Amino acid sequence: MKAVETIPYTLYKGTFIDTPELGELRIRFNCLVGVNQQGVIDFIKEQDQITAKYDWKQYTGRYKHEKEREADIQMFLDNHGRENYFNYIKIEDNKFIFPGFIDTHIHSSQYPNVGIGLNIQLLDWLKIYTFPLENSFKMDNLQLVNDIYTKIIKKTLGCGTTCASYFTTIDNETSKIFGDLLLSFGQRGFVGKVCMNHNDDYPEYQQEEKHCVEDIKHLKQYFDSKNPDNEDLVKPIITPRFAPVCSRSLLTKLGKLSQDEKLPIQTHISENKGEIDLVKKLFPECSNYANVYDNHNLLQESTILAHAIHLSKEECKLIKEKNCSISHCPTSNTFIASGEAPVKKYLYHDKINVSLGTDISGGWDPSILSIIRQSILVSHHLSMKSGNNFDKLSLNDGLFMSTQGGAIAVGLQETIGTFDIGKRFDSQVIDLQTGNLDLFHWQLVNDDDNNDDKKLKMLNLLNKWVFCGDDRNCSSVFVNGRKVVSK
Ligand code: GUN
Ligand code: FE
């Protein structure tokens, strides 16, 4: 089991890139980062502080690397104090370390359906493809359950996703198994046992309200007993599927449970016009879709609202007031033709936190790198339609949403999302000289470049990574300081 492996103190040396604030890209070349036995970053020294002391130009070849290593270790010991034993890992030039991606909306149970259901609208899509598959997740079908859950965790980890907020299914026992698998592969994750009690095709779901609160409390105790000491790697998240399949009393119970147990919440909102009409019909006493959730105390700082495509002005105001986050799922929104969410407006005008979701299997692509790309392309379409350049998302916006924006959405902004002292080391090493990318010598960063040239080259390389790269460029992945993927 990955999640219980011990973590040796490790010094990482190389280029660290992250996005501490929306729109801001931080590139630190030749940066030395120490990760302690708890997986927490407790030492950072940047290039300027290092080059001031050592002149690398006088060294060449292998000797240079040995000298550099020696000097780094000396620098560490002088500044940090002694560690009995530690690793030193040098990330070579034209590789860089980026925070692990955070997927804030993904249905692990729906993985077999990726790519299927093109152009069927949401409510029919759920009936035809989704509910029958999800309903097969039962303890008497363990082989299938294990196979699907194992494959989706391995796939997303290999794409650099170190943390995800998952929807499983209504079945609690197999949701526990999903949590076990997260721990065994070492991915940080939120397990959302799906809560719903209105579904004409599945009358047995009407029983849900009787036991869902106990089920979620049980999940919490179960994961608490399985998590490594001092690490909340796996946690339950309260998951009313969406308003049309939940009764008022179920929603009320879940809102109360979130407050009693201090658990986060995830759901869908305003994805599809037919869905919005249905919500109006089912909840005539509520002024809008967001108000349905608010009336049941489900709009909290820890609430993730997936899709949020067709929100009214009042809904945006309410969501901001309550400090909820949106999970933007551009691939899914395109695939099942739900619409284009005005994300730039949400971020910069409404000041709502927006993160990214693959929404497997409304979306076909498990890679958050692809979702960054899709989010930018969808925003270009919006901009072409509106004639307003403002609507275009930048690369930095996309990188922020995929990491620190995601960390805020899952309530872990002090724990993951960037490389800062005190944060857990969830990261991916990106190798640009492999996979599908053809790079040319003048595009590569080298020692003789001045800092401005290096940054300019790195910006172009980041663009190449996002638009031309894929999971082959993700050469290793760390969660809480443990190496969980090595290619
Ligand atoms: N709305 C309610 N359930 C679902 C689901 O499984 N996928 C998507 N995309 N939207 C939903
Ligand atoms: Fe979804």
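What you see is a predicted model; the values in this text were computed from it and never measured. Whatever order the structure lists them in is the order used to number ligands and atoms, beginning at 1.
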Side chain, backbone, both or neither: the part of [X] lying under 4.0 Å from ligand 1 by heavy atom:
X: Tyr129; answer: neither
X: Glu275; answer: neither
X: Leu126; answer: side chain

For Asp359, atoms of ligand 1 separated by under 4.0 Å from a heavy atom:
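Once the distances to Asp359 are compared, the set is 8 (C), 9 (N).
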
Can you sort out which atoms of ligand 1 are near Glu271, meaning under 4.0 Å from one of its heavy atoms?
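Those of ligand 1 that fall under 4.0 Å from Glu271 are 1 (N), 8 (C), 9 (N), 10 (N), 11 (C).
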
Dump the intermediate steps for side-chain hydrogen bond (donor to acceptor under 3.5 Å, both in side chains) on Ser325 and Asn353, then the final yes or no.
CA-CA 5 Å; Ser325 291; Asn353 180 54; 2.9 Å; yes

Would you call [X] and [Y] a salt bridge, using N to O less than 4.0 angstrom?
X: Asp365; Y: Arg373; result: no
X: Lys176; Y: Asp180; result: no
X: Lys345; Y: Asp350; result: yes

Suppose we only allow N, O or S atoms; which atom of Asp359 ends up nearest to the Fe ion (ligand 2)?
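So the atom name we want here is OD1.
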
Among His268, Arg241, His307, which one puts a heavy atom closest to atom 6 (O) of ligand 1?
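Minimum heavy-atom distance to atom 6 (O) of ligand 1 goes to Arg241.
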
What residue and heavy atom of the protein are closest to atom 7 (N) of ligand 1, and at what distance?
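Result for atom 7 (N) of ligand 1: Trp125 CZ3, 3.4 Å.
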
Have Thr174 and Thr168 got a donor and an acceptor in their side chains that come within less than 3.5 Å?
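Judged by distance alone, the side chains do not pair up.
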
Is it the case that ligand 1 has an N or O less than 3.5 angstrom from some N or O of Gln110?
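Yes.
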
Taking the six-membered ring of Phe390 as reference, does the NZ or CZ atom of Lys344 fall below 6.0 Å from its centre and within a 45° cone about the axis?
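Because its charged atom sits under 6.0 Å from the ring centre and within 45° of the axis, Lys344 does stack over Phe390.
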
What angle, in degrees and rounded to 10°, do you get at the Fe ion (ligand 2) when you join it to NE2 of His107 and to NE2 of His105?
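His107 NE2 and His105 NE2 form an angle of 100° at the Fe ion (ligand 2).
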
Say whether, by atom type as modelled, one donor and one acceptor occur between the side chain of Lys320 and the main chain of Lys351 under 3.5 angstrom.
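Flag set: sc Lys320 to bb Lys351 pair under 3.5 Å.
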
